[in-house]
Amino acid sequence: MIDATSFDATSSETEDSPQDADKDVVLAQWNTVNAQLRDEIGEAAFQSWIKPMKIRTVADGVVHVTVPTRFMRDWVIAHYAERIATLWQSEAPEVASIEVSVRSDRVPTQPREGIRRQTPPVGDGQTGDMPGARPGLSAALDPRFVFENFVVGKPNEFAYAAARRVAEADRVPFNPLFLYGGVGLGKTHLMHAIAWHIRQTTPERTVIYLSAEKFMHRFVQAIRESTTMDFKSQFRSVDVLMIDDVQFIAGKESTQEEFFHTFNALVDQGRQIVISADKSPSDLVGMEERLISRLNCGLVADIHATTYELRLGILQSKAAQIRADVPPKVMEFLAHKITSNVRELEGGLNRVVAHAQLIGRDITIEATQEVLHDLLRANDRRVTIEEIQKQVANHFNIRISDMHSARRARSVARPRQVAMYLAKQLTARSLPEIGRKFGGRDHTTVMHAVRKVEELKSMDPGFAEDIELLRRMLEG
Ligand code: ADP
Ligand code: MG
């Protein structure tokens, strides 16, 4: 057990060089945790949130860290504390939890030169809680998620315009605003932007932003503590209620029920509601009909998958934000290659920039390929099993339905095996999942197919070439 009364340890401040062995141990553990976190969350987030943390004490299984502001404390607790504790635990099993507090005894440390976000961290005294909201009811807002930092393009212009409208309107323009789209396409960003805007222009209005998951937890907690009346009145007295990722409460009946009543109460009073989800209201499986029809009542705006132009625009904006000098060729390369979502795109850019800064070299396409090989491969490989079946059926001149059929004739069985093999190679699907897509076959059948094709490839160069050709067609 380490019992250092009070000392500072930041990841890279080696000048601290602690005196006793315990401090050395803690510093080493902290450095390891830091390195892993940096990998996981990216350089920008690391610099913003983790770097300013200082270790105070490690005692009785509790790591006590401090941060410069209340806002950072709330943010770190909400987003990183659990992960830090887990990572630390694998270094030192006795560590059970992490405690974050604000250091008041000193001037807040500024992030160092290097990667820094454009919007300055919110200063002391501001909690990221929404204006007028009771403490703890609303989740913290990310200071980077403002309208100014949102790049608008064809796929998101409608959602953006709708969000701006809600943020700027004196009267509720439509209710609810329902934003939906795939992962990492900017739903949360737009919601925070609405909240920031209202906070700035009409601070007297009460705005609550929270995830549907948090909403549910609060609700369950209120039931447990017999404070549901408080819960209801708190939520029913806000001016703007924003619930993120509402798909979470699909299938959770009593939470839906409560949400439905809150929703109606607010709409009746002319308060604004903003909802996000990963699907359209009607596609939300496990959602009650009456709730779906309520959700459909206002404006439903979807965010489409990004285009090349939008991705390029986002990269340019992000590079400017972190003041990184990235050659246009490299940005074009990234915009071409990382097509899955904006979060990955941003993460990729951050990694490339961080790498270049660390080793003190220019950013090149070669370096980018090297640093991002895992990410690039994952993006390359987004071929679907359906595409594979279609392509292979075409190639061997059989019907696509034969991919699912029970026919065992060699003329259809072999192509089917090839398709299974390619599905294993080119997608992240498991053997059982692949089996299901091939007419509900067993995973052992898939395994057998993979082995068979590998065997044939090694014996027959012509066959191997055929497979190679198919693979290239599917990947290209
Ligand atoms: P979602 O909530 O839809 O999963 P987020 O809003 O969390 O996605 O966005 C993921 C990341 O991508 C965030 O860092 C966000 O700032 C960024 N992002 C998404 N769309 C845009 C955009 N159009 N312009 C700038 N940044 C964007
Ligand atoms: Mg989100």
Side-chain angles (χ1 to χ4, degrees), residues 40-49 75 78-80 115-119 128 138-164 166-167 177-197 209-215 242-250 274-280 283-284 300-322 324 326 331 334-335 338-351 353 375 379:
E40 286 178 14
I41 68 179
E43 186 65 21
F46 179 82
Q47 293 287 337
S48 302
W49 306 112
W75 188 261
H79 292 87
Y80 303 117
I115 296 179
R116 219 197 265 186
R117 59 172 187 274
Q118 196 174 31
T119 321
S138 180
L141 298 176
D142 190 318
R144 294 165 304 172
F145 290 1
V146 291
F147 283 125
E148 291 69 32
N149 289 346
F150 193 81
V151 181
V152 185
K154 268 258 167 294
N156 60 23
E157 62 185 2
F158 184 59
Y160 171 81
R164 269 223 101 104
V166 164
L177 167 60
F178 189 100
L179 296 168
Y180 79 91
V183 170
L185 296 182
K187 301 182 293 293
T188 298
H189 189 138
L190 282 178
M191 291 179 105
H192 285 210
I194 295 172
W196 282 122
H197 187 94
Y209 162 89
L210 77 171
S211 64
E213 184 177 5
K214 267 242 174 71
F215 179 86
M242 305 208 254
I243 305 281
D244 206 349
D245 290 317
V246 82
Q247 73 275 357
F248 182 83
I249 62 167
V274 182
I275 308 276
S276 88
D278 63 353
K279 297 182 200 66
S280 76
D283 288 337
L284 288 170
V300 177
D302 58 340
I303 308 184
H304 299 272
T306 56
T307 57
Y308 171 74
E309 289 74 22
L310 178 59
R311 290 195 295 276
L312 196 57
I314 290 172
L315 285 170
Q316 282 159 352
S317 153
K318 301 278 175 193
Q321 268 177 53
I322 58 174
V326 184
M331 299 224 238
L334 289 174
I338 306 179
T339 55
S340 45
N341 74 55
V342 180
R343 196 173 292 132
E344 287 198 350
L345 189 65
E346 203 179 337
L349 177 72
N350 285 337
R351 271 165 67 187
V353 170
L375 191 59
N379 273 276

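Every number for a ligand or one of its atoms is a count from 1 in the order of the listing.
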May I ask you to check whether Asp244 and Thr188 show a side-chain donor-acceptor distance below 3.5 Å?
yes

Examine distances only and state if a side-chain atom of [X] and a backbone atom of [Y] form a donor-acceptor pair shorter than 3.5 Å.
| X | Y | result |
| --- | --- | --- |
| Asn156 | Gly153 | yes |
| Trp196 | Arg144 | no |
| Lys187 | Asp302 | no |
| Ser276 | Asp245 | yes |

Please confirm whether Met191 approaches ligand 1 to less than 4.0 Å, judged on its heavy atoms.
no

Heavy-atom contact under 4.0 Å between Gly184 and ligand 1?
yes

For ligand 1 and [X], I'd like to know whether there is a polar contact (N/O to N/O, distance under 3.5 Å).
| X | result |
| --- | --- |
| Val151 | yes |
| Gly186 | yes |
| Phe145 | no |

Taking all non-hydrogen atoms of both residues into account, name the closest pair between [X] and [Y] and its distance.
| X | Y | answer |
| --- | --- | --- |
| Met191 | Ile243 | CE-O, 3.4 Å |
| Asn341 | Val183 | CB-O, 3.1 Å |
| Thr306 | Pro155 | CA-CG, 4.1 Å |
| Ile194 | Ala163 | CG1-O, 3.6 Å |

Side chain, backbone, both or neither: which part of [X] has a heavy atom under 4.0 Å from ligand 1?
| X | value |
| --- | --- |
| Thr188 | both |
| Arg144 | neither |
| Asp245 | neither |

If we number the atoms of ligand 1 from 1 as shown, the ones under 4.0 Å from a heavy atom of Asn156 are 23 (N)

Under 4.0 Å from a heavy atom of Val183: which atoms of ligand 1 are those, numbered in the order shown and with their elements?
4 (O)

Identify the closest protein heavy atom to [atom]: which residue and atom is it, and at what distance?
| atom | result |
| --- | --- |
| atom 25 (C) of ligand 1 | Asn149 O, 3.3 Å |
| atom 7 (O) of ligand 1 | Arg343 NH2, 2.9 Å |
| atom 26 (N) of ligand 1 | Lys318 NZ, 3.1 Å |
| atom 20 (N) of ligand 1 | Leu185 O, 3.5 Å |
| atom 12 (O) of ligand 1 | Val342 CG1, 3.2 Å |
| atom 6 (O) of ligand 1 | His189 N, 2.8 Å |
| atom 21 (C) of ligand 1 | Phe150 CE1, 3.7 Å |

Hey, looking at atom 3 (O) of ligand 1, which of Glu344, Lys187, Glu346 has the closest heavy atom?
Lys187

Of all the atoms in Ser276, is at least one N, O or S atom closer to the Mg ion (ligand 2) than 2.8 Å?
no

Does the side-chain contact (heavy atoms from CB on, under 4.5 Å) test come out yes or no for Phe158 and Ile303, once each step is laid out?
CA-CA 8 Å; Phe158 184 59; Ile303 308 184; over 6 Å; no

Separation between CZ of Arg311 and CD of Glu309, rounded to the nearest 0.5 Å
8.5 Å

Could you tell me how the ring of Phe145 sits relative to the ring of His189: parallel (under 30°), tilted (30 to 60°) or perpendicular (over 60°)?
parallel

